[in-house]
Chemist: 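Structure provided below as structure tokens; questions to follow.
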Amino acid sequence: MAFILTVTRITTVRRLPPVGLRELLSYQCHAQICLSLGPCSAPQQVEVRPRMACPFTVVVAIDFGTTSSGYAFSFTQDSEAIHMMKRWEGGDPGVANQKSPTCLLLAPDLRFHSFGFAARDFYHDLDPEEAQHWLYFDKFKMKIHSTSDLTMETELEAVNGRRVRAIEVFAHALRFFREHALKHSLGELKDQSSSVLEGEEIRWVITVPAVWRQPAKQFMREAAYLAGLVPPDCPEQLLIALEPEAASIYCRKLRLHQVIDLSLQPVTNGLDLEGSRPFDSSFRQAREQLRRSRHSRTFLVESGTGELWSELQTGDRYIVADCGGGTVDLTVHQIEQPQGTLKELYKASGGPYGAVGVDLAFEAMLCQIFGDDFIQSFKAKRPAAWVDLTIAFEARKRTAAPGRANALNISLPFSFIDYYKRHRGQSVEAALRRSNMNIVKWSSQGMLRLTQEAMNELFQPTIINIVKHIEELMAKPEVRGVRFLFLVGGFAESPMLQKAVQRALGRTCRIIIPHDVGLTILKGAVLFGLDPTVVRVRRCPLTYGVGVLNRFVEGRHPREKLLIKEGREWCTDILDRFVAVDQSVALGEVVRRSYTPARLGQRKIIINIYCSMTDDVTYISDPGVRKCGTVTLDLPEPLPLPGAVGGAGGGGGGAERREIRATMQFGDTEIKVTAVDVMSNRSVRASIDFLSN
């Protein structure tokens, strides 16, 4: 769609002279923009506008994890109390299950059946033949991270091999959380207070990894719309929170008795927060407090910053390493005193180095022992039994610790032993002997016995990646001088990871682990929902811009970019930057562009957005630059001008030209766009889409 662009520098609008640009633009298949006078490399200018408060009664945060998920909530009138949901259906008797496995079960006709413990237990009890018809999804969040061309049509594969649109699976899960929260948590409190809680009074928060790009964030938002969390015409009712950022927000509130400082401990075998060998009496007290807190539904947080931060001076910085099931996310922050706001110092980084890597290493070990073809056949023919095996390994994996003398016993399902016997004609014990894998033994009780050497082999590749990534981050000039390293996320509970990080970095900075480390992100997400302005400055993960035409300069622009139209020379494909990679962008800063439809009666302007992982680019055709999204402006019918004579036709006079001013925000967790028709001051429907490429 053709249109003309002018740049707004704070309040001044610069207009193009009428030079036949409709024809200039009509040849561009990717709908380039024509930029008015001035070089494209001119520095971006922004305006700061205050954020308006929204009248919500309660904030509900959903920590949608790769291996486990949960939700918590807080009322705006009592924001120092965070209420945790623990009443999950199923699970281990007597245990306060404040998070649930991220697994979902659909019936053979694709209807939603259950989520979490209920899904896992029901699937376990199915007859093996019947189980092949049910759709069980486990750890499906990783698909969103690993898919480079994510769209609304991306599919997920269930354990039985059937495929379903990913957006529907995520919507089922979010709908489950919505209904559970309204019925079992908010519903109980509503009954106690005899007040009626309306849907528009709830602000929802969904957590995502900081390393996720815009398509994945938009995907979660679209899934929330489909699930009925909020209507699409009330986008401000839903916030996307970045997981390490949420953890950082909560860590601001920590007091000394709420953390474990690994830097004060000898480098022995790590610290198991629930182990039997605490280092001294303070850890016995910490363990007891942790046990009590996990059976409590309410956590109280500091009204200001916690006493842990009294040691920080102006300019001090810290790292939050969110070690989860699927990814490891790193963020670098400064805390700004006395207001307690946060400033991001380096763009979020990380990768797929979560605890799932240990699970994949275990599967690879099974393939090495029993044969890849057998394992794939067993997964396809006995899907429920395979899930049982992975659950058994997950439970034992949590108890792995450095220096452990005893082997870890992994129960093999009877169907595994029987299936191998019938398909290979020999016992699993014979397979173990034949594999010459001395670090794995066989128990006559039907168990695999994994020695300490075997557990090291499973853990080390993932742990090495995590430590290496933290070390590389700390070596960067912007990050040097870090005072604290906070380990959060479910994987941070692992003594194997704790010891490795302590050995590698214990002399460089203080390594802090909050109590109830697996709930840190969830609590922080609630705090973020209560005050989304707490992170005042963020760093751009990518360079974003649009393709424009500019006046051709001989010797500066390549000849293959030359376009001559009506006697004028233009250079095509120039990247007009909105923001640059790792650029600091304050909350509330906006970038503005003005667009003019290229023809009368035009009702839609479509603008292609391009991105790059570096800032060393000039043209949208440069290596590493790709189209990543589109901005769509739906133009309303223009209002008649006062005193206008004649129809809408005419010879291109200035009175006929409309200016549409688009405002883009890059300082939030999502990129946002709004627009207005300057002449009539009417809002223009504006949307930004990263899922349709």
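Counting begins at 1 with the first residue of the sequence.
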Chemist: Determine the minimum heavy-atom distance between Pro215 and Leu691, stating which atoms define it.
Modeler: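 So the minimum-distance heavy-atom pair works out to O-CD2, 3.4 Å.
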Chemist: For a quick check under 3.5 Å, do Lys672 and Thr663 share a side-chain donor-acceptor pair by atom type?
Modeler: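 Looking only at side-chain atoms, Thr663 and Lys672 do not form any donor-acceptor pair under 3.5 Å.
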Chemist: Taking the side chain as C-beta and beyond, is there a heavy-atom pair between Tyr544 and Ser612 under 4.5 Å?
Modeler: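 No. Closest side-chain heavy atoms not under 4.5 Å.
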Chemist: Looking at residues at least two apart in the chain, or sitting in another chain, which of them share a side chain to side chain contact (heavy atoms under 4.5 Å, CB included) with Thr341?
Modeler: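 Checked Thr341 against side chain to side chain contact (heavy atoms under 4.5 Å, CB included); matches are Glu336, Gln339, Arg536.
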Chemist: Side-chain contact, heavy-atom cut-off 4.5 Å: Val591 with Arg593?
Modeler: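 Yes - at least one pair of side-chain heavy atoms lies under 4.5 Å apart.
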Chemist: Is the closest basic N to carboxylate O distance between Lys141 and Glu243 below 4.0 Å?
Modeler: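 Looking at Glu243 together with Lys141, the answer is yes, because their closest N to O distance falls below 4.0 Å.
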Chemist: Mind checking ring-ring contact (aromatic ring centres under 6.0 Å, His included) for His333 and listing every partner two or more places apart, or none if nothing turns up?
Modeler: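 Once residues adjacent in sequence are excluded, His333 has no partner under the ring-ring contact (aromatic ring centres under 6.0 Å, His included) criterion.
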Chemist: Mind checking what makes ring-ring contact (aromatic ring centres under 6.0 Å, His included) contact with Phe552, not counting sequence neighbours?
Modeler: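 Partners of Phe552 by the ring-ring contact (aromatic ring centres under 6.0 Å, His included) criterion, ordered by chain and then number, come out as His557.
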Chemist: If you take all heavy atoms of Leu104 and Val169, which pair is closest and at what distance?
Modeler: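 Looking at all heavy atoms of both residues, the shortest contact is CD1-O, 3.8 Å.
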Chemist: Would a distance-only check, ignoring hydrogens and angles, find a side-chain to backbone donor-acceptor pair under 3.5 Å from Gln665 to Gly667?
Modeler: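 The answer is no, because no donor-acceptor pair under 3.5 Å joins these two groups.
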Chemist: Would a distance-only check, ignoring hydrogens and angles, find a side-chain to backbone donor-acceptor pair under 3.5 Å from Gln237 to Ile202?
Modeler: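 Such a contact is found between Gln237 side chain and Ile202 backbone.
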Chemist: Once salt bridge (charged side-chain N to carboxylate O under 4.0 Å, His left out) is applied, do any residues pair with Arg539, and if so which ones, sequence neighbours excluded?
Modeler: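 Result, salt bridge (charged side-chain N to carboxylate O under 4.0 Å, His left out) vs Arg539: Asp582.
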Chemist: Holding to side chain to side chain contact (heavy atoms under 4.5 Å, CB included), I want the full list of residues that pass it with Ser349, two or more places apart in sequence or in another chain.
Modeler: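 By the side chain to side chain contact (heavy atoms under 4.5 Å, CB included) rule, Ser349 matches Leu330, His469, Leu473.
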Chemist: Regarding Thr207 and Asp63, do their side chains bring together a donor and an acceptor under 3.5 Å, going by distance alone?
Modeler: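 Their side chains do contain a donor-acceptor pair, which is all the 3.5 Å distance test asks for.
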Chemist: Quick one: pull up CG in Leu229 and CZ in Arg203 and give me the separation to the nearest 0.5 Å.
Modeler: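 With rounding to 0.5 Å, CG (Leu229) is 13.5 Å from CZ (Arg203).
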Chemist: Walk me through it: do Phe486 and Ile319 pass the test side chain to side chain contact (heavy atoms under 4.5 Å, CB included)?
Modeler: CA-CA 6 Å; Phe486 289 91; Ile319 293 176; over 6 Å; no
Chemist: Give me the atom names and distance for the closest heavy-atom approach of Val617 to Pro623.
Modeler: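 Result for this residue pair: CG1-O, 4.4 Å.
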Chemist: Looking at side-chain heavy atoms only, is the closest gap between Pro461 and Ile464 below 4.5 Å?
Modeler: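 Side chain of Pro461 against side chain of Ile464, heavy atoms only: no contact under 4.5 Å found.
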Chemist: To the nearest 0.5 angstrom, please state how far the CD1 atom of Ile167 sits from the CE atom of Met152.
Modeler: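 One finds 4.5 Å between CD1 of Ile167 and CE of Met152.
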Chemist: Given 3.5 Å as the limit, does a donor-acceptor pair link the side chain of Asp622 with the main chain of Tyr619, or not?
Modeler: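 It does hold such a pair.
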Chemist: Indicate whether the side chain of Thr102 and that of Ser69 have a donor and an acceptor atom separated by less than 3.5 Å.
Modeler: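 Yes, Ser69 and Thr102 have a side-chain donor paired with an acceptor closer than 3.5 Å.
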Chemist: State which residue, out of Val205, Ile521, Val59, fulfils the side chain to side chain contact (heavy atoms under 4.5 Å, CB included) condition with Phe528.
Modeler: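 Considering Val205, Ile521, Val59, a side chain to side chain contact (heavy atoms under 4.5 Å, CB included) with Phe528 is found only for Val205.
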Chemist: Between Lys139 and Thr67, is any pair of side-chain heavy atoms under 4.5 Å apart?
Modeler: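 Lys139 reaches Thr67 side chain to side chain.
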Chemist: Quick check: do Arg658 and Asp677 have side-chain heavy atoms less than 4.5 Å from each other?
Modeler: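 With C-beta onward as the side chain, the pair touches.
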Chemist: Could you check Glu554 against Arg556 for salt bridge (Lys or Arg N to Asp or Glu O under 4.0 Å), going step by step and ending with a plain yes or no?
Modeler: CA-CA 6 Å; Glu554 193 70 44; Arg556 189 173 78 180; over 6 Å; no
Chemist: Has Thr147 got a side-chain atom pairing as donor or acceptor with Ile144's backbone, closer than 3.5 angstrom?
Modeler: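 No; judged by distance alone, with no hydrogens or angles, the pair does not exist.
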Chemist: Name all residues meeting the salt bridge (charged side-chain N to carboxylate O under 4.0 Å, His left out) criterion together with Glu472; count only those two or more places apart in sequence or in a different chain, and write none if there are none.
Modeler: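 Checked Glu472 against salt bridge (charged side-chain N to carboxylate O under 4.0 Å, His left out); zero matches.
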Chemist: With the side chain counted from C-beta on, respond yes when Leu174 and Phe64 share a heavy-atom pair under 4.5 Å apart, and no when they do not.
Modeler: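 A side-chain contact exists here, since the closest heavy-atom pair is under 4.5 Å.
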Chemist: What pair of heavy atoms forms the shortest contact from Gly350 to Val211, and how long is it?
Modeler: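 Nearest heavy atoms, Gly350 then Val211: N-CG1, 3.5 Å.
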Chemist: Restricting to side chain to side chain donor-acceptor pair (under 3.5 Å), what partner residues turn up for Arg603, sequence neighbours left out?
Modeler: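 Residues passing side chain to side chain donor-acceptor pair (under 3.5 Å) with Arg603: Glu637.
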Chemist: Kindly write out the residues that satisfy side chain to side chain contact (heavy atoms under 4.5 Å, CB included) with Glu155, not counting sequence neighbours, or none if the list is empty.
Modeler: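 Arg163.
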Chemist: What distance separates Ile671 CD1 from Phe578 CZ, expressed to the nearest 0.5 Å?
Modeler: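 Reported value, rounded in 0.5 Å steps: 9.5 Å.
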Chemist: Can you tell me how far CZ of Arg538 sits from CD of Gln583, rounded to the nearest 0.5 angstrom?
Modeler: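 CZ of Arg538 is found 14.5 Å from CD of Gln583.
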Chemist: Quick one: does Leu342's side chain get under 4.5 Å of Gln334's, heavy atoms only?
Modeler: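 Not touching, per the 4.5 Å side-chain cut-off.
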Chemist: Are the side chain of Gln218 and the backbone N or O of Phe690 linked by a donor-acceptor pair below 3.5 Å?
Modeler: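 Yes.
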Chemist: Rounded at 0.5 Å granularity, tell me how far OG1 in Thr572 sits from CG in Leu549.
Modeler: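 Reported value, rounded in 0.5 Å steps: 6.5 Å.
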Chemist: When rounded to the nearest 0.5 angstrom, what is the spacing between OH in Tyr595 and CG in Leu635?
Modeler: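 Tyr595 atom OH to Leu635 atom CG measures 12.5 Å (nearest 0.5 Å).
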Chemist: Check whether the side chains of Thr596 and Glu659 place a donor and an acceptor atom closer than 3.5 Å, and report yes or no.
Modeler: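 Note: Thr596 and Glu659 side chains miss the donor-acceptor criterion.
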Chemist: Using the test side chain to side chain contact (heavy atoms under 4.5 Å, CB included), find all partners of Val537 that sit at least two apart in sequence or belong to another chain.
Modeler: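 If we apply the side chain to side chain contact (heavy atoms under 4.5 Å, CB included) test to Val537, skipping adjacent residues, the hits are Lys343, Ser584, Ala586.
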Chemist: Not counting sequence neighbours, which residues clear salt bridge (charged side-chain N to carboxylate O under 4.0 Å, His left out) with Glu670? List them please.
Modeler: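 Partners of Glu670 by the salt bridge (charged side-chain N to carboxylate O under 4.0 Å, His left out) criterion, ordered by chain and then number, come out as Arg221.
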Chemist: Is there a salt bridge (Lys or Arg N to Asp or Glu O under 4.0 Å) between Arg165 and Glu153? Walk through the geometry before answering.
Modeler: CA-CA 6 Å; Arg165 283 205 313 156; Glu153 302 304 318; 3.3 Å; yes
Chemist: My understanding is that only residues two or more places apart in sequence, or in another chain, count here; which of them pass salt bridge (charged side-chain N to carboxylate O under 4.0 Å, His left out) with Arg213?
Modeler: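 Listed in chain order: nothing, the list is empty.
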Chemist: Under 3.5 Å, is there a donor-acceptor pair linking the side chains of Thr533 and Asp531?
Modeler: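 Yes, Asp531 and Thr533 have a side-chain donor paired with an acceptor closer than 3.5 Å.
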Chemist: Strictly by modelled atom types, are Thr331 and Tyr346 linked by a side-chain donor-acceptor pair under 3.5 Å?
Modeler: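 On atom types as modelled, these side chains do not qualify, holding no pair under 3.5 Å.
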Chemist: Could you check whether any side-chain N or O of Asn608 sits under 3.5 Å from a backbone N or O of Thr630, counting only pairs where one atom can act as donor and the other as acceptor?
Modeler: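 No, Asn608 side chain to Thr630 backbone: no donor-acceptor pair under 3.5 Å.
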Chemist: Say whether Thr462 and Asn465, considering side chains only, have a donor N or O and an acceptor N or O under 3.5 Å apart.
Modeler: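 There is no such pair between these side chains.
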Chemist: Do the side chain of Thr669 and the main chain of Ile240 share a donor and acceptor less than 3.5 angstrom apart?
Modeler: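 Checked: pair present.
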Chemist: Side-chain contact test, heavy atoms from C-beta onward, threshold under 4.5 Å: evaluate it for Leu633 versus Ile607 and give yes or no.
Modeler: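 A side-chain contact under 4.5 Å exists here.
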Chemist: Using modelled atom types only, decide if a donor and an acceptor are shared between the side chain of Arg252 and the backbone of Ile249 within a distance under 3.5 Å.
Modeler: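 Confirmed, Arg252 side chain pairs with Ile249 backbone.
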Chemist: Using the rule given for side chain to side chain contact (heavy atoms under 4.5 Å, CB included), can you reason through Leu487 versus Cys323, listing the C-alpha separation, both sets of side-chain angles and the distance that settles it, and then say yes or no?
Modeler: CA-CA 7 Å; Leu487 288 182; Cys323 307; 4.3 Å; yes
Chemist: Using the ring of each side chain (for Trp, its six-membered ring), is Phe137 parallel, tilted or perpendicular to Phe140, with breaks at 30° and 60°?
Modeler: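 Perpendicular.
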Chemist: Mind checking what makes ring-ring contact (aromatic ring centres under 6.0 Å, His included) contact with Phe219, not counting sequence neighbours?
Modeler: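 Phe219 satisfies ring-ring contact (aromatic ring centres under 6.0 Å, His included) with Phe170 only.
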